[in-house]
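These notes are about the structure you will find just below.
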Amino acid sequence: MKTVIIGGGISGLAAAYYLSRHQPSNQVVLLESSSRLGGIIRTEQQEGFCLEAGPDAFVRQKKKAAELCRELGLGSELIANRIANQVSYSWLDGKLHPLPRVLNPPIDLDQLVASPLLSPSGRLRASREPEIPPGGGVDESVASFMGRRFGPEVVQRVFEPLVAGVFGGSASEISLPAAFPHLLDFEQQHGCLSLPGTESASPSGTKAEESSFQSLRNGMGQLPAKLAQVLQEVVQLHLGSSVRSIGRDGGRFRIELESGASLQTDSAVLATSAPVAASLLEGDLKPISDLLGQIEYAPSILVCLGYRQEVVDRPGSGWIAPPDSGKALLACTWAHRKFDHRCPTGHSLLRAYLAGRSASSLLEADDRPIVRIVRQELREIQGVTAHPVVQRVYRLPRALPLYKIGHLDLVSRIKQSLRQTPGLFCIGNYLDGVGIPACLRHAQSVAAQGDPHRPSHSSKSP
Ligand SMILES: Cc1cc2nc3c(=O)[nH]c(=O)nc-3n(C[C@H](O)[C@H](O)[C@H](O)COP(=O)(O)OP(=O)(O)OC[C@H]3O[C@@H](n4cnc5c(N)ncnc54)[C@H](O)[C@@H]3O)c2cc1C
């Protein structure tokens, strides 16, 4: 049997890897439009600085990514984030304030209520959370869910910046059950999110004294690079091969390339973003295309700035700012504080993040004005006046899918349509979770069921 995978990001590479293990007799071809593999994952080394253009870590508690690294022989390359620097900050009223831990219940209500981010009335309202009855488990926005539980101020000052930072969208449009299903589960199970006398877990759900994130010594790019190395023995990898269309041809699929070449295959795995996947499907595959086309994406811009001196004046790994702060920047990671091996000793590496409106308006701009805005805001927010010796701008017009209200229903309709189209699969960060571990789990579940002659190939949520 022959399978063609379209897209050589982590989803496509992982699908090729798991297919080669689960079905070694399967002939696998991977087509990637660009000249490199890895998609959003991209690491560049410049003057001793390890620059990440996309993800810089994976959540430690979701074990799939570390498991794959070990399987590939990268176990000794895994590094954990520095525990002493797990605190992060939120920028409000001209100051950086420690950010309470709110993403993994039970939430420490004492810590939240003591936060200088909240006004006296905001604290009073938040402190009533344990008395608020649970909702009906319906699809509602993060703002509606958290507003109901903790009050509007916690939404505006804590959740808006977090949601913008993680999903690039607004808390009023992002679906709580799609983006943070564990919060809904906890509410349904315990009746509230803050249990008296409990300490909040770290952002990834680990205990405060455990590291939350893992990465690779030489950056996240090591993972796709290693996958490519392993796969070149068993899979046909074609770079610079942009697919133009996919249609059905009898019981098989016909894949047309921009180059004019075409391929016939028993099975096709679409591992691109949803809008690209939508644009490729033709003929009787159009209904699936219409569903995929409904998933929207947010752009982002990442700016890496490397300095030959320490430019951070406190422990921690960075900060976020509310989208209505009047600043273009939404967040900044102190990369050299988060992980070792990110730059020479005594140097520092900042990763500034723009998303949503500020990113859209600057996507077409040259590097120079973008860097100027970022440096000016870093000066205002954290007092950085030093001159960077390395500056690199990465633009991602379709960075992250927006898990808007109705997303779960849309995904279930996409999966239903795919079940009715044996041999056609869609994988990627728009279905079962945006993080790398979710992409890996989804790719593996599709690879395990990737025989088009099997009747069902529904994928399981992570
Ligand atoms: C700024 C940012 C930071 C992130 N940080 C983290 C993090 O810290 N931790 C984490 O776990 N996750 C993070 N994520 C999410 C994670 O990086 C992505 O969800 C994941 O890398 C997506 O991989 P993918 O393979 O599904 O898609 P992509 O990486 O988008 O790959 C799709 C591939 O398809 C190719 N392609 C497109 N069109 C065609 C065509 N017509 N023919 C052939 N090939 C085509 C593209 O060139 C690309 O290589 C982050 C994402 C962003 C944007």
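In this text, all values refer to a predicted model and were calculated from it rather than measured experimentally. Quick note: residue numbers are just sequence positions, from 1. For ligands, and for the atoms within them, numbers begin at 1 and follow the listed sequence.
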Distance-minimising heavy-atom pair for Phe145 and Leu183: CZ-O, 3.9 Å

Non-hydrogen atom of Ala14 closer than 4.0 Å to ligand 1: no

Taking only heavy atoms of Ser241, which atoms of ligand 1 are found under 4.0 Å from at least one of them? 42 (N), 43 (C)

Heteroatom proximity flag, Ser300 to ligand 1, N/O under 3.5 Å: no

Should Glu67 and Lys64 count as an ion pair when the cut-off is N to O under 4.0 Å? yes

Considering only NZ, NE, NH1 and NH2 on the basic side and carboxylate oxygens on the acidic side, decide whether Arg244 and Glu282 come within less than 4.0 Å. no

Can you report which non-hydrogen protein atom sits closest to atom 29 (O) of ligand 1, along with the distance? Ile40 N, 2.8 Å

By number and element, which atoms of ligand 1 are closer than 4.0 Å to a non-hydrogen atom of Ala399? 53 (C)

Between the side chains of Lys327 and Glu380, is the shortest nitrogen-to-carboxylate-oxygen separation below 4.0 Å, so that they form an ion pair? yes

Ignoring hydrogens and geometry, is there a side-chain-to-backbone donor-acceptor pair from Thr272 to Ala277 under 3.5 Å? yes

Nearest neighbour in protein (non-hydrogen) for atom 23 (O) of ligand 1: Ile10 CG2, 3.5 Å

Contact atoms of ligand 1, heavy-atom distance to Ile6 under 4.0 Å: 42 (N), 43 (C)

Using heavy atoms and a 4.0 Å limit, tell me yes or no: is Gly54 in contact with ligand 1? yes

A student checking ligand 1 against Leu302 at a 4.0 Å heavy-atom cut-off should list atoms 1 (C)

If I apply the N/O under 3.5 Å rule, does Ser34 come out as touching ligand 1? no

What protein heavy atom is closest to atom 9 (N) of ligand 1, reported as residue, atom name and distance in Å? Ala57 O, 2.6 Å

For Ser242, take its heavy atoms, then give the atoms of ligand 1 lying under 4.0 Å from any of them. 41 (N), 42 (N)

Just by distance, no angles: are the side chains of Gln45 and Thr43 close enough, under 3.5 Å, to form a donor-acceptor pair? no

Are any of the N/O atoms in Thr272 less than 3.5 Å from those in ligand 1? no

State whether any protein heavy atom lies less than 4.0 Å from atom 27 (O) of ligand 1. no

Residues passing the salt bridge (charged side-chain N to carboxylate O under 4.0 Å, His left out) test with Glu258, sequence neighbours excluded, are none

Ligand 1 and Leu400, any nitrogen or oxygen pair closer than 3.5 angstrom? no

Of all protein heavy atoms, the one nearest atom 40 (C) of ligand 1 is Val243 N, 3.7 Å

Among all protein heavy atoms, pick the one closest to atom 22 (C) of ligand 1 and tell me residue, atom and distance. Asn429 ND2, 3.6 Å

Look only at the side chain of Arg337 and the backbone of Leu349, and say whether a donor-acceptor pair between them is shorter than 3.5 Å. no

Centroid separation under 6.0 Å, is that true for the rings of Phe180 and Phe167? yes

The closest protein heavy-atom partner of atom 31 (O) of ligand 1 is Gly9 CA, 3.4 Å

The closest protein heavy-atom partner of atom 45 (C) of ligand 1 is Ser33 OG, 3.2 Å

For Leu280, is at least one N or O under 3.5 Å away from an N or O on ligand 1? no

Could you tell me, atom by atom, which parts of ligand 1 come under 4.0 Å of a heavy atom of Val276? 38 (N)

Taking NZ, NE, NH1 and NH2 as the nitrogens, is one of them in Arg441 or Asp432 under 4.0 Å from a carboxylate oxygen of the other? no

For Gly406, does its backbone N or O pair with a side-chain atom of Ser175 as donor and acceptor, under 3.5 Å? no

Just jot down the ligand 1 atoms closer than 4.0 angstrom to any heavy atom of Leu31, in number order. 43 (C), 44 (N)

May I ask you to say whether Glu296 pairs ionically with Lys404, meaning some side-chain N is under 4.0 Å from a carboxylate O? yes

Which residue supplies the protein heavy atom nearest to atom 35 (C) of ligand 1, what is that atom called, and how far is it? Glu32 OE1, 3.2 Å

Ranking Pro55, Cys439, Ala271, Ala274 by closest non-hydrogen atom to atom 32 (C) of ligand 1, top hit is Ala271

By the side chain to side chain donor-acceptor pair (under 3.5 Å) test, which pairs, at least two apart or in different chains, include something from residues 357-374? Asp367-Arg395

Under 4.0 Å from a heavy atom of Gly428: give me the atoms of ligand 1 that qualify, with their elements. 26 (O)

Short version for Leu396: what comes under 4.0 Å of ligand 1, heavy atoms counted, is side chain

Test the Arg314-Tyr89 pair against the cation-pi criterion, namely NZ or CZ under 6.0 angstrom from the six-membered ring centroid and within 45° of the ring axis. yes

Atom pair CD1 (Ile288) and CD (Gln420), whose distance is rounded to the nearest 0.5 Å: 8.5 Å

Donor-acceptor contact present, side-chain Arg36 to main-chain Gly39, <3.5 Å: yes

Polar contact flag for Arg351 and ligand 1 (N/O pairs, less than 3.5 Å): no

Counting only heavy atoms closer than 4.0 Å, does ligand 1 sit against the backbone of Val434, its side chain, both, or neither? backbone

Decide, yes or no, whether a salt bridge links Arg21 with Glu71 under the criterion of side-chain N to carboxylate O below 4.0 Å. yes

When you compare ligand 1 with Ile436, is there at least one nitrogen or oxygen pair between them that comes in under 3.5 angstrom? yes

